[in-house]
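Shown next, in C-alpha coordinates, is the structure this report addresses.
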Amino acid sequence: MVLFARVYFLLPVCKHFPCGKLKKTCPLPHRVYSFNRQTGQYSLKYFIFLSLHRVNLRSGAEQKVVFITARVHPGETPSSFVCQGIIDFLVSQHPIAKVLRDHLVFKIAPMLNPDGVYLGNYRCSLMGFDLNRHWVDPSPWAHPTLHGVKQLIVQMYNNPKISLEFYIDIHAHSTMMNGFMYGNIFEEEERFQRQAIFPKLLCQNAEDFSFSSTSFNRDAVKAGTGRRFLGGLLDHSSYCYTLEVSFYSYILGGTTSTVPYTEEACILYKSILLSECFEGT
(Lines give C-alpha, C1' and ligand atoms only; values in the text may rest on other atoms or scores of the structure.)
Protein backbone atom coordinates (compact mmCIF):
# COMPACT_ATOMS: atom_id res chain seq x y z
CA MET A 1 0.00 0.00 0.00
CA VAL A 2 1.28 3.45 -0.87
CA LEU A 3 0.82 6.17 1.73
CA PHE A 4 -0.11 9.53 0.26
CA ALA A 5 0.12 12.78 2.14
CA ARG A 6 -2.08 15.49 0.66
CA VAL A 7 -0.96 19.00 1.38
CA TYR A 8 -2.28 22.26 -0.01
CA PHE A 9 -0.07 25.24 -0.88
CA LEU A 10 0.49 28.24 -3.31
CA LEU A 11 2.60 30.75 -5.21
CA PRO A 12 3.83 33.46 -5.05
CA VAL A 13 5.62 33.56 -1.73
CA CYS A 14 7.29 36.25 0.31
CA LYS A 15 9.22 36.14 3.56
CA HIS A 16 8.02 39.36 5.17
CA PHE A 17 4.55 40.82 5.23
CA PRO A 18 4.36 44.63 5.66
CA CYS A 19 0.84 44.30 7.03
CA GLY A 20 2.25 42.18 9.86
CA LYS A 21 0.43 38.92 9.19
CA LEU A 22 -1.17 36.81 6.52
CA LYS A 23 -4.74 37.67 5.67
CA LYS A 24 -7.30 36.13 3.34
CA THR A 25 -6.95 39.19 1.12
CA CYS A 26 -4.34 41.86 1.32
CA PRO A 27 -4.00 44.67 -1.23
CA LEU A 28 -0.65 45.85 0.09
CA PRO A 29 2.52 45.30 -1.91
CA HIS A 30 4.65 42.66 -0.22
CA ARG A 31 8.42 42.61 -0.32
CA VAL A 32 10.15 39.45 -1.51
CA TYR A 33 13.59 38.96 0.02
CA SER A 34 16.57 36.77 -0.81
CA PHE A 35 18.50 35.32 2.14
CA ASN A 36 22.31 35.19 2.06
CA ARG A 37 23.45 32.34 4.33
CA GLN A 38 27.02 33.62 4.55
CA THR A 39 26.14 37.11 5.79
CA GLY A 40 22.86 36.19 7.45
CA GLN A 41 21.21 39.17 5.74
CA TYR A 42 18.08 39.55 3.61
CA SER A 43 18.17 41.65 0.44
CA LEU A 44 15.09 43.05 -1.29
CA LYS A 45 14.38 41.36 -4.64
CA TYR A 46 11.04 42.76 -5.77
CA PHE A 47 7.50 43.68 -4.75
CA ILE A 48 4.43 41.58 -5.36
CA PHE A 49 0.75 42.04 -4.69
CA LEU A 50 -0.95 39.18 -2.92
CA SER A 51 -4.59 38.22 -2.98
CA LEU A 52 -4.70 35.28 -0.64
CA HIS A 53 -7.71 33.13 -1.39
CA ARG A 54 -7.99 29.38 -1.06
CA VAL A 55 -7.96 29.04 -4.82
CA ASN A 56 -7.68 25.26 -4.94
CA LEU A 57 -10.56 24.79 -2.47
CA ARG A 58 -13.18 26.70 -4.42
CA SER A 59 -15.81 24.58 -6.11
CA GLY A 60 -14.89 24.06 -9.75
CA ALA A 61 -11.45 25.69 -9.40
CA GLU A 62 -8.50 24.15 -11.21
CA GLN A 63 -6.15 22.33 -8.84
CA LYS A 64 -2.45 22.88 -9.40
CA VAL A 65 -0.62 19.73 -8.33
CA VAL A 66 2.99 18.97 -7.45
CA PHE A 67 3.64 15.22 -7.28
CA ILE A 68 6.67 14.01 -5.29
CA THR A 69 7.96 10.45 -4.98
CA ALA A 70 10.92 9.06 -3.04
CA ARG A 71 12.78 5.89 -2.03
CA VAL A 72 12.15 3.87 -5.17
CA HIS A 73 15.65 2.50 -4.54
CA PRO A 74 15.70 1.12 -0.97
CA GLY A 75 19.38 1.78 -0.29
CA GLU A 76 19.10 5.51 -1.01
CA THR A 77 18.15 6.50 2.54
CA PRO A 78 18.99 10.23 2.10
CA SER A 79 15.99 10.49 -0.22
CA SER A 80 13.74 9.69 2.74
CA PHE A 81 15.38 12.39 4.85
CA VAL A 82 14.88 14.93 2.05
CA CYS A 83 11.25 13.90 1.62
CA GLN A 84 10.69 14.14 5.37
CA GLY A 85 12.08 17.68 5.35
CA ILE A 86 9.66 18.66 2.60
CA ILE A 87 6.67 17.17 4.43
CA ASP A 88 7.70 18.69 7.78
CA PHE A 89 7.86 22.12 6.20
CA LEU A 90 4.57 21.83 4.32
CA VAL A 91 2.59 20.87 7.43
CA SER A 92 4.33 23.46 9.62
CA GLN A 93 3.04 26.83 10.78
CA HIS A 94 5.64 28.69 8.74
CA PRO A 95 3.86 31.59 6.97
CA ILE A 96 5.16 30.49 3.58
CA ALA A 97 3.89 26.95 4.17
CA LYS A 98 0.47 28.31 5.08
CA VAL A 99 0.26 30.31 1.87
CA LEU A 100 1.42 27.36 -0.23
CA ARG A 101 -1.11 25.01 1.33
CA ASP A 102 -3.93 27.30 0.25
CA HIS A 103 -3.00 27.35 -3.41
CA LEU A 104 -1.30 24.13 -4.47
CA VAL A 105 -1.98 20.46 -3.93
CA PHE A 106 1.03 18.32 -3.07
CA LYS A 107 0.68 14.58 -3.48
CA ILE A 108 3.58 12.74 -1.91
CA ALA A 109 4.48 9.05 -2.11
CA PRO A 110 7.35 8.98 0.41
CA MET A 111 8.33 5.32 -0.18
CA LEU A 112 7.75 3.68 -3.56
CA ASN A 113 9.58 0.51 -2.57
CA PRO A 114 8.49 -0.36 1.00
CA ASP A 115 9.12 -4.10 0.65
CA GLY A 116 12.67 -3.51 -0.60
CA VAL A 117 13.32 -1.16 2.32
CA TYR A 118 11.94 -3.67 4.82
CA LEU A 119 14.17 -6.43 3.40
CA GLY A 120 17.25 -4.22 3.36
CA ASN A 121 17.69 -4.42 -0.42
CA TYR A 122 19.91 -1.86 -2.07
CA ARG A 123 18.12 -1.30 -5.38
CA CYS A 124 15.43 -3.86 -6.10
CA SER A 125 12.00 -4.82 -4.77
CA LEU A 126 10.87 -8.06 -3.12
CA MET A 127 10.40 -9.54 -6.61
CA GLY A 128 13.90 -8.49 -7.68
CA PHE A 129 12.86 -5.59 -9.94
CA ASP A 130 14.43 -2.17 -10.25
CA LEU A 131 11.12 -0.32 -10.10
CA ASN A 132 12.59 2.79 -11.68
CA ARG A 133 12.90 0.93 -14.99
CA HIS A 134 9.25 -0.17 -15.21
CA TRP A 135 7.21 3.03 -15.45
CA VAL A 136 6.20 2.34 -19.06
CA ASP A 137 4.13 -0.75 -18.25
CA PRO A 138 4.12 -1.56 -14.53
CA SER A 139 2.44 -4.77 -13.46
CA PRO A 140 -0.21 -4.60 -10.72
CA TRP A 141 1.17 -7.92 -9.46
CA ALA A 142 4.94 -7.44 -9.77
CA HIS A 143 5.14 -3.64 -9.32
CA PRO A 144 1.98 -2.75 -7.33
CA THR A 145 3.17 0.53 -5.83
CA LEU A 146 4.43 1.80 -9.16
CA HIS A 147 1.25 0.68 -10.89
CA GLY A 148 -0.90 2.53 -8.34
CA VAL A 149 1.10 5.76 -8.53
CA LYS A 150 1.14 5.72 -12.34
CA GLN A 151 -2.63 5.18 -12.45
CA LEU A 152 -3.18 8.13 -10.14
CA ILE A 153 -0.92 10.42 -12.19
CA VAL A 154 -2.61 9.40 -15.46
CA GLN A 155 -6.05 10.01 -13.92
CA MET A 156 -4.98 13.49 -12.83
CA TYR A 157 -3.50 14.22 -16.25
CA ASN A 158 -6.79 13.29 -17.91
CA ASN A 159 -8.83 15.40 -15.50
CA PRO A 160 -9.49 18.85 -17.05
CA LYS A 161 -9.82 20.37 -13.57
CA ILE A 162 -6.29 19.36 -12.55
CA SER A 163 -3.02 20.85 -13.76
CA LEU A 164 0.00 18.70 -12.92
CA GLU A 165 2.69 21.35 -12.56
CA PHE A 166 5.67 19.32 -11.31
CA TYR A 167 6.78 15.73 -10.91
CA ILE A 168 9.91 15.33 -8.75
CA ASP A 169 11.43 11.93 -7.96
CA ILE A 170 13.91 12.08 -5.05
CA HIS A 171 17.02 9.88 -5.11
CA ALA A 172 20.46 9.68 -3.48
CA HIS A 173 23.74 9.34 -5.39
CA SER A 174 26.63 7.16 -4.24
CA THR A 175 29.48 8.79 -6.19
CA MET A 176 28.55 12.43 -6.89
CA MET A 177 28.79 15.33 -4.46
CA ASN A 178 26.15 17.99 -3.75
CA GLY A 179 22.53 18.02 -4.77
CA PHE A 180 21.68 18.12 -8.48
CA MET A 181 18.98 17.19 -10.97
CA TYR A 182 18.36 15.16 -14.08
CA GLY A 183 15.95 16.69 -16.58
CA ASN A 184 14.57 15.84 -20.00
CA ILE A 185 15.52 16.95 -23.50
CA PHE A 186 12.80 18.05 -25.91
CA GLU A 187 12.78 18.86 -29.60
CA GLU A 188 11.18 22.23 -28.90
CA GLU A 189 14.01 24.57 -27.91
CA GLU A 190 11.74 26.84 -25.86
CA ARG A 191 10.39 23.92 -23.80
CA PHE A 192 13.89 22.61 -23.17
CA GLN A 193 15.07 26.02 -21.98
CA ARG A 194 12.11 26.30 -19.59
CA GLN A 195 13.11 22.96 -18.06
CA ALA A 196 16.40 24.51 -16.95
CA ILE A 197 14.79 27.35 -14.99
CA PHE A 198 13.87 25.38 -11.86
CA PRO A 199 17.36 23.83 -11.37
CA LYS A 200 18.88 27.29 -11.85
CA LEU A 201 16.61 28.66 -9.11
CA LEU A 202 17.70 25.84 -6.81
CA CYS A 203 21.33 26.67 -7.49
CA GLN A 204 20.74 30.34 -6.67
CA ASN A 205 18.93 29.61 -3.40
CA ALA A 206 20.52 26.43 -2.06
CA GLU A 207 24.17 26.35 -1.12
CA ASP A 208 24.55 22.61 -1.70
CA PHE A 209 22.84 22.45 -5.09
CA SER A 210 25.10 22.22 -8.16
CA PHE A 211 23.77 23.31 -11.52
CA SER A 212 27.06 22.24 -13.15
CA SER A 213 26.32 18.65 -12.08
CA THR A 214 22.74 18.89 -13.36
CA SER A 215 22.22 17.24 -16.74
CA PHE A 216 19.44 16.81 -19.29
CA ASN A 217 19.24 13.60 -21.31
CA ARG A 218 17.07 11.04 -23.04
CA ASP A 219 19.33 8.01 -22.84
CA ALA A 220 17.65 4.75 -23.85
CA VAL A 221 18.69 3.12 -20.58
CA LYS A 222 16.67 5.73 -18.66
CA ALA A 223 13.49 5.31 -20.72
CA GLY A 224 11.71 3.36 -17.97
CA THR A 225 12.32 5.94 -15.24
CA GLY A 226 9.56 8.12 -13.80
CA ARG A 227 11.21 11.31 -15.00
CA ARG A 228 11.63 10.08 -18.59
CA PHE A 229 8.25 8.36 -18.93
CA LEU A 230 6.20 11.19 -17.43
CA GLY A 231 8.21 13.77 -19.35
CA GLY A 232 6.98 12.10 -22.53
CA LEU A 233 3.42 11.59 -21.30
CA LEU A 234 2.61 14.99 -19.82
CA ASP A 235 2.18 18.15 -21.87
CA HIS A 236 4.49 21.16 -22.19
CA SER A 237 3.12 22.83 -19.04
CA SER A 238 4.49 20.08 -16.74
CA TYR A 239 8.05 19.82 -15.43
CA CYS A 240 9.56 16.43 -14.58
CA TYR A 241 12.84 15.97 -12.70
CA THR A 242 14.94 13.53 -10.75
CA LEU A 243 16.38 15.25 -7.67
CA GLU A 244 19.61 13.67 -6.46
CA VAL A 245 21.39 14.30 -3.17
CA SER A 246 24.83 12.92 -2.33
CA PHE A 247 25.27 10.12 0.19
CA TYR A 248 28.27 11.95 1.55
CA SER A 249 28.72 15.70 1.44
CA TYR A 250 28.60 18.86 -0.60
CA ILE A 251 31.20 21.45 -1.57
CA LEU A 252 30.49 25.06 -0.76
CA GLY A 253 30.50 27.22 -3.86
CA GLY A 254 33.77 29.01 -4.52
CA THR A 255 35.65 26.96 -1.93
CA THR A 256 37.17 23.53 -1.45
CA SER A 257 35.40 23.04 1.87
CA THR A 258 33.16 20.00 2.14
CA VAL A 259 30.14 19.80 4.43
CA PRO A 260 28.94 16.30 5.33
CA TYR A 261 25.28 15.46 4.86
CA THR A 262 23.56 14.23 7.99
CA GLU A 263 19.98 13.18 8.55
CA GLU A 264 19.23 16.46 10.33
CA ALA A 265 20.99 18.56 7.69
CA CYS A 266 19.03 16.92 4.86
CA ILE A 267 15.72 17.48 6.64
CA LEU A 268 16.49 21.09 7.56
CA TYR A 269 18.03 21.95 4.22
CA LYS A 270 15.16 20.66 2.11
CA SER A 271 12.73 22.65 4.24
CA ILE A 272 14.75 25.78 3.45
CA LEU A 273 15.07 24.77 -0.20
CA LEU A 274 11.31 24.40 -0.61
CA SER A 275 10.52 27.70 1.09
CA GLU A 276 13.04 29.68 -0.95
CA CYS A 277 12.94 28.11 -4.40
CA PHE A 278 9.20 28.12 -4.99
CA GLU A 279 9.41 31.86 -4.27
CA GLY A 280 11.00 32.32 -7.66
CA THR A 281 8.71 30.14 -9.80
Side-chain angles (χ1 to χ4, degrees), residues 2-5 7 37 66-92 106-126 129-133 135 145-146 149 166-183 198-199 201-203 205-215 217 222 225-228 240-253 255 257-278:
V2 179
L3 174 64
F4 289 98
V7 192
R37 291 185 179 85
V66 175
F67 207 110
I68 296 175
T69 57
R71 206 69 184 276
V72 69
H73 293 142
E76 297 176 5
T77 51
S79 67
S80 284
F81 301 148
V82 171
C83 191
Q84 181 181 339
I86 291 173
I87 295 172
D88 288 348
F89 176 77
L90 291 176
V91 300
S92 73
F106 263 68
K107 290 188 178 289
I108 302 174
M111 190 174 288
L112 282 180
N113 197 341
D115 49 335
V117 171
Y118 177 79
L119 292 170
N121 294 348
Y122 181 74
R123 193 171 182 88
C124 64
S125 65
L126 170 66
F129 292 103
D130 180 346
L131 296 183
N132 205 36
R133 296 297 183 270
W135 274 88
T145 55
L146 204 64
V149 169
F166 280 85
Y167 170 74
I168 300 175
D169 189 25
I170 307 174
H171 288 252
H173 207 285
S174 61
T175 60
M176 299 282 285
M177 304 280 276
N178 293 69
F180 58 95
M181 277 183 158
Y182 292 120
F198 187 60
L201 289 172
L202 293 182
C203 187
N205 289 278
E207 66 183 13
D208 72 330
F209 189 88
S210 171
F211 186 76
S212 62
S213 296
T214 294
S215 63
N217 62 65
K222 301 287 188 179
T225 65
R227 182 257 307 176
R228 280 289 312 280
C240 300
Y241 303 97
T242 299
L243 172 62
E244 298 272 3
V245 61
S246 173
F247 270 86
Y248 310 112
S249 58
Y250 62 94
I251 301 174
L252 289 173
T255 73
S257 302
T258 58
V259 180
Y261 277 119
T262 63
E263 177 179 348
E264 294 77 14
C266 281
I267 292 172
L268 174 63
Y269 167 66
K270 295 309 170 185
S271 299
I272 296 171
L273 178 152
L274 190 65
S275 67
E276 292 194 1
C277 289
F278 275 100

Practice item. Using side chain to side chain contact (heavy atoms under 4.5 Å, CB included) as the criterion, list what pairs up with Ser215, not counting sequence neighbours. Key: Tyr182, Asn217

Practice item. Not counting sequence neighbours, which residues clear side chain to side chain donor-acceptor pair (under 3.5 Å) with Ser212? List them please. Key: Ser210

Check your understanding: Any donor and acceptor pair, going by atom type alone, linking the side chain of His173 with main-chain N or O of Thr175 inside 3.5 Å?
Key -> yes

Point to revise | Non-hydrogen side-chain atoms of Trp135 and Val149 separated by less than 4.5 Å | key: yes

Point to revise | Ser79 vs Val245 side-chain heavy atoms within contact, under 4.5 Å | key: no

Check your understanding: With a 4.5 Å heavy-atom cut-off, do Leu90 and Ile108 have their side chains touching?
Key -> yes

Review point. Who pairs with Asp115 by salt bridge (charged side-chain N to carboxylate O under 4.0 Å, His left out), at least two apart in sequence or on another chain?
Key: none

Point to revise | All side chain to side chain donor-acceptor pair (under 3.5 Å) counterparts of Ser257, not counting sequence neighbours | key: none

Review point. Phe129: what forms a ring pair (Phe, Tyr, Trp, His ring centres under 6.0 Å) with it, not counting sequence neighbours?
Key: His134, His143

Practice item. State, with a plain yes or no, whether a side-chain heavy atom of Thr145 is found less than 4.5 Å away from one of Leu131. Key: yes

**Study point:** Counterpart residues, salt bridge (charged side-chain N to carboxylate O under 4.0 Å, His left out), relative to Arg123 (two or more places apart)
**Key:** Asp130

Study note, to complete from the structure: Heavy atoms of Pro74 and Val117 approach each other most closely as CB-N, 3.6 Å

Revision key, fill the gap. Taken in chain and number order and not counting sequence neighbours, the residues that satisfy side chain to side chain contact (heavy atoms under 4.5 Å, CB included) with Tyr118 are none

Review point. So Tyr261 and Tyr248, ring pair (Phe, Tyr, Trp, His ring centres under 6.0 Å) or not? Walk me through it.
Key: CA-CA 6 Å; Tyr261 277 119; Tyr248 310 112; 9.6 Å; no

Practice item. Would you please name every residue forming a side chain to side chain donor-acceptor pair (under 3.5 Å) with Tyr241, sequence neighbours left out? Key: none

Review point. Hey, are the side chains of Leu112 and Asn132 touching, using non-hydrogen atoms and a 4.5 Å cut-off?
Key: no

Practice item. Might you point out which heavy atoms bring Val259 and Ser249 nearest each other, and give the distance in Å? Key: O-CB, 3.0 Å

Exercise for review: Apply side chain to side chain donor-acceptor pair (under 3.5 Å) to Asn178 and list each qualifying residue two or more places apart in sequence or on a separate chain.
Suggested key: none

**Study point:** Audit row: Met177, Tyr250, side-chain contact (heavy atoms from CB on, under 4.5 Å) steps and yes/no
**Key:** CA-CA 5 Å; Met177 304 280 276; Tyr250 62 94; 5.7 Å; no

Check your understanding: Does a side chain donor of either Tyr122 or Glu76 reach within less than 3.5 Å of an acceptor in the other side chain?
Key -> no

Point to revise | N/O donor-acceptor pair under 3.5 Å between Arg227 side chain and Gly183 backbone | key: yes

Review point. Once you round to the nearest 0.5 Å, how far does CD1 of Ile68 lie from CD1 of Ile86?
Key: 4.5 Å

Practice item. Mind running side-chain contact (heavy atoms from CB on, under 4.5 Å) on His73 and Asn113 for me, showing each step along the way? Key: CA-CA 7 Å; His73 293 142; Asn113 197 341; 5.9 Å; no

Review point. Are any of the side-chain heavy atoms of Arg133 and Thr225 separated by less than 4.5 Å?
Key: yes

Practice item. Evaluate the side-chain proximity of Pro110 to Arg71: yes if any heavy-atom separation is below 4.5 Å, no if none is. Key: no

Check your understanding: Partners of Thr214 by side chain to side chain contact (heavy atoms under 4.5 Å, CB included), sequence neighbours excluded?
Key -> Phe180, Met181, Pro199, Phe209, Phe211, Phe216

Point to revise | Criterion side-chain contact (heavy atoms from CB on, under 4.5 Å) on Glu244 and Met176, from CA distance to verdict | key: CA-CA 9 Å; Glu244 298 272 3; Met176 299 282 285; over 6 Å; no

Review point. Side chains of Ile170 and Thr69: does their closest heavy-atom pair fall under 4.5 Å?
Key: no

